[in-house]
Amino acid sequence: MEAPLSALPLLLLLLAAGWRSGVVAAWATSPGGCRLVQSTMDCTGRWLSSVPGNLGGDTEELLLDDNTIRVLGNASLLSYRQLQRLSLTKNRLELIEPGAFLRSQGLRVLSLADNLLSTNYMLTAAALSALPALRTLDLAGNRLTEDMVSVLVWNLSSLESLSVARNIIMRLDSSVFTNLTQLLELNLEKNYIFEIDQAFEGLQRLQRLNIAYNCLPCVVEFGLTQLRVLNVSNNIIEWFLSLESDDLFELEVLDLSHNRLLFFPVLPRQSKLRSLLLKDNEMSFYQRLPNGTSLANVTVQFQLIDGNSTSIMTVNLWDEICHSNLSSLRLLDMSQNQNCLEMFDLSEGDPLAMLTELDLSQNRLEELGADIATVDLSHNQVLSGDLGWLQDLAVTLRVLSLRNTSLSSADVDFSAFNSLVRLDLSGNSLSVFPPNPYNCCTLGWWDALQRAEGLRVPDGRETADLALLYLVLALPTCLTALVAFAVVFLTFKQKLLKMVKSRCGVSSPY
Ligand SMILES: *[C@@H]1O[C@H](CO)[C@@H](O)[C@H](O)[C@H]1NC(C)=O
Ligand SMILES: *[C@@H]1O[C@H](CO)[C@@H](O)[C@H](O)[C@H]1NC(C)=O
Ligand SMILES: *[C@@H]1O[C@H](CO)[C@@H](O)[C@H](O)[C@H]1NC(C)=O
Ligand SMILES: *[C@@H]1O[C@H](CO)[C@@H](O)[C@H](O)[C@H]1NC(C)=O
Ligand SMILES: *[C@@H]1O[C@H](CO)[C@@H](O)[C@H](O)[C@H]1NC(C)=O
Ligand SMILES: *[C@@H]1O[C@H](CO)[C@@H](O)[C@H](O)[C@H]1NC(C)=O
Ligand SMILES: *[C@@H]1O[C@H](CO)[C@@H](O)[C@H](O)[C@H]1NC(C)=O
Ligand SMILES: *[C@@H]1O[C@H](CO)[C@@H](O)[C@H](O)[C@H]1NC(C)=O
Ligand SMILES: *[C@@H]1O[C@H](CO)[C@@H](O)[C@H](O)[C@H]1NC(C)=O
């Protein structure tokens with residue numbers, strides 16, 4: 001619209017405008033232009049500038065996507081009293097008149113994405129509030145601010161699913177979604193959200209929350225116990241701290257990938273976490289614990305500056321991890337971290353012992369001790385000599401990726417890996433294929449499994465004392481680095497820091 005129109009589309013527009021009355025009349029007498037499939041009338045992409053009337057009073061679903069409708073007037077839907085689903089995405093909708101839905105009280109699903117609803121949002125809000133049965137509303141891509149969203153959804157207490165993705169929302173507080181007590185799913189993806197202050201506390205039934213592609217700097221005091229899926233990928237999150245509580249969290253999927261996490265997230269102590277996605281962060285605290293250093297000594301201090309007051313929060317990372325019951329975790333993706341992960345040890349009895357899939361690619365791994373079915377170690381510098389350090393895995397491992405790990409043929413012997421069904425050795429400089437007993441001609445599935453079981457059973461007792469998860473092994477030097485970071489920040493960027501920290505203050509829980 002803002003872009004200058006080239007001659008051809010302009011001509012088409014004029015033609016469409018000129019023929020409009022004719023077109024509408026044609027719909028009225030012969031609805032063949034729209035496709036009718038059972039009770040769905042499909043009028044997608046037909047240059048319509050208004051809703052065609054008399055398409056059939058028993059229409060339950062009306063699809064008007066990709067047209068040029070600007071106003072949904074009081075009379076637009078008069079003949080569609082059975083309407084349950086209406087889709088008007090990709091039009092030029094600026095206004096829905098307050099009476100537009102008065103005869104469509106059964107409407108349950110309304111898609112208004114990619115329009116211009118910021119223009120007359122007050123009147124549009126009044127129209128929406130006349131929909132007592134509305135369950136699903138899509139307002140994505142309408143240039144809406146948080147204040148506009150607040151007005152638009154104010155009276156929609158029956159709503160179960162709301163998308164306000166791709167708008168210009170910047171901060172959320174408890175006033176925005178206050179009446180949406182039935183909401184199960186909320187999509188806030190691709191906005192500019194940098195602050196959230198108790199915005200979801202009233203949403204007692206919320207299960208799925210997507211805040212991907214925003215500007216959140218941290219998540220502190222995460223306490224949404226009923227949430228099942230939290231997607232905060234693609235923000236600028238440096239730390240994730242759950243509320244210290246023994247309540248059971250329903251959380252099953254936590255996506256923190258593509259952030260700036262400095263250390264492993266502090267997870268709820270009791271949860272149902274299945275997938276923990278930490279790909280592409282800057283976790284650089286997990287290094288080898290130097291001899292003589294006790295894990296119990298490793299703490300991280302946060303300075304929280306809120307207004308004039310500064311408080312210091314001390315988190316004992318090891319305690320927090322130990323206190324988290326991660327027995328349900330099946331997928332852990334820690335790929336692409338900050339050249340940090342040098343050792344990963346998982347022994348029987350560990351909180352992560354049930355893990356079946358582990359992605360550690362693109363780190364700097366040198367050791368791995370675990371009992372896992374799928375491991376991705378690509379883009380690590382792992383294999384200087386033999387595969388001895390992988391022997392713990394040999395019996396159970398089914399899928400192994402050693403892509404681009406500087407492997408040369410002399411180094412590798414996979415003869416002990418009896419369960420292996422997929423092996424990726426690409427991106428190396430192998431001149432000979434390494435010995436591998438898994439040969440489908442001579443060794444069947446059953447045989448492989450039988451032999452694997454007979455071969456070796458990991459000795460739990462031996463590792464019992466070490467039943468520690470060498471995950472959060474923060475070196476004192478790293479802590480120094482954090483403090484230095486904070487100090488540098490304090491000294492030179494005080495204003496910015498104040499802003500950042502006040503957003504993350506403990507008084508502003510999520
Ligand atoms: C549309 O209906 C609403 C509510 O009945 C009324 O207030 C408004 O004046 C009507 N608008 C027009 C343009 O008729
Ligand atoms: C919400 O509903 C109340 C009562 O029906 C009405 O007074 C108010 O104007 C509505 N608010 C919006 C934003 O539609
Ligand atoms: C929405 O919330 C406000 C303030 O909490 C309340 O006054 C109003 O009655 C609510 N509206 C509905 C429809 O629940
Ligand atoms: C989180 O959201 C991003 C962006 O939409 C998507 O690519 C990713 O798959 C989502 N994560 C999960 C676990 O669904
Ligand atoms: C750390 O201790 C182990 C034995 O507990 C020893 O083998 C190793 O050499 C020590 N490493 C250093 C750097 O002192
Ligand atoms: C670790 O903490 C204990 C007390 O909890 C203390 O005695 C010991 O000196 C500390 N060690 C280091 C390396 O700071
Ligand atoms: C913060 O400091 C300013 C002046 O420096 C003062 O006016 C204000 O009352 C202080 N606020 C608090 C909450 O202490
Ligand atoms: C961890 O949670 C599981 C259920 O998810 C439970 O069976 C187990 O006893 C818990 N372990 C601890 C140490 O609380
Ligand atoms: C292997 O990794 C190196 C360094 O990370 C990179 O430069 C190279 O392009 C990678 N090669 C392949 C085939 O991915």
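Numbers for residues simply follow the sequence, beginning at 1. Counting starts at 1 for both ligands and their atoms, in listed order.
- Against a heavy-atom cut-off of under 4.0 Å, Leu277 is close to the following atoms of ligand 4: 13 (C).
- Only one option out of Asn210, Asn214, Asn234, Asn167 pairs with Glu189 in a side chain to side chain donor-acceptor pair (under 3.5 Å); it is Asn210.
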Give every donor-acceptor pair under 3.5 Å between a side-chain atom in residues 223-230 and any protein atom, sequence neighbours left out.
from	atom 1	to	atom 2	distance (Å)
Gln226	NE2	Leu203	O	3.0
Gln226	NE2	Leu206	O	3.4

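- Between Tyr213 and ligand 4, not a single N/O pair is under 3.5 Å apart.
- Taking distance alone, with nitrogen or oxygen atoms compared against 3.5 Å, Asn210 stays at or beyond that limit from ligand 4.
- Within ligand 2, counting atoms from 1 as listed, the ones closer than 4.0 Å to a heavy atom of Ser129 are 14 (O).
- No donor-acceptor pair closer than 3.5 Å links the side chain of Asn91 to the backbone N or O of Leu93.
- Contact annotation for Val229 and ligand 4: no heavy atom of the residue comes within less than 4.0 Å of the ligand.
- Side chain of Asn179 to backbone of Trp154: a donor-acceptor contact under 3.5 angstrom is found.
- Residues Ser111 and Leu63 have side chains not in contact (no heavy-atom distance under 4.5 Å, counting atoms from C-beta outward).
- Using modelled atom types, one side-chain atom of Ser158 and one backbone atom of Leu134 make a donor-acceptor pair closer than 3.5 Å.
- Counting the atoms of ligand 4 from 1 in the order shown, those under 4.0 Å from a heavy atom of Ser233 are 1 (C), 2 (O), 3 (C).
- Electrostatic pairing of Asp246 and Arg269 counts as a salt bridge here, judged by a charged N lying under 4.0 Å from a carboxylate O.
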For ligand 1, output the ligand-protein N/O contacts shorter than 3.5 angstrom; if there are none, return none.
from	atom 1	to	atom 2	distance (Å)
ligand 1	2 (O)	Asn74	OD1	3.2
ligand 1	2 (O)	Asn74	ND2	2.3
ligand 1	11 (N)	Asn74	ND2	2.8
ligand 1	14 (O)	Asn74	ND2	3.3

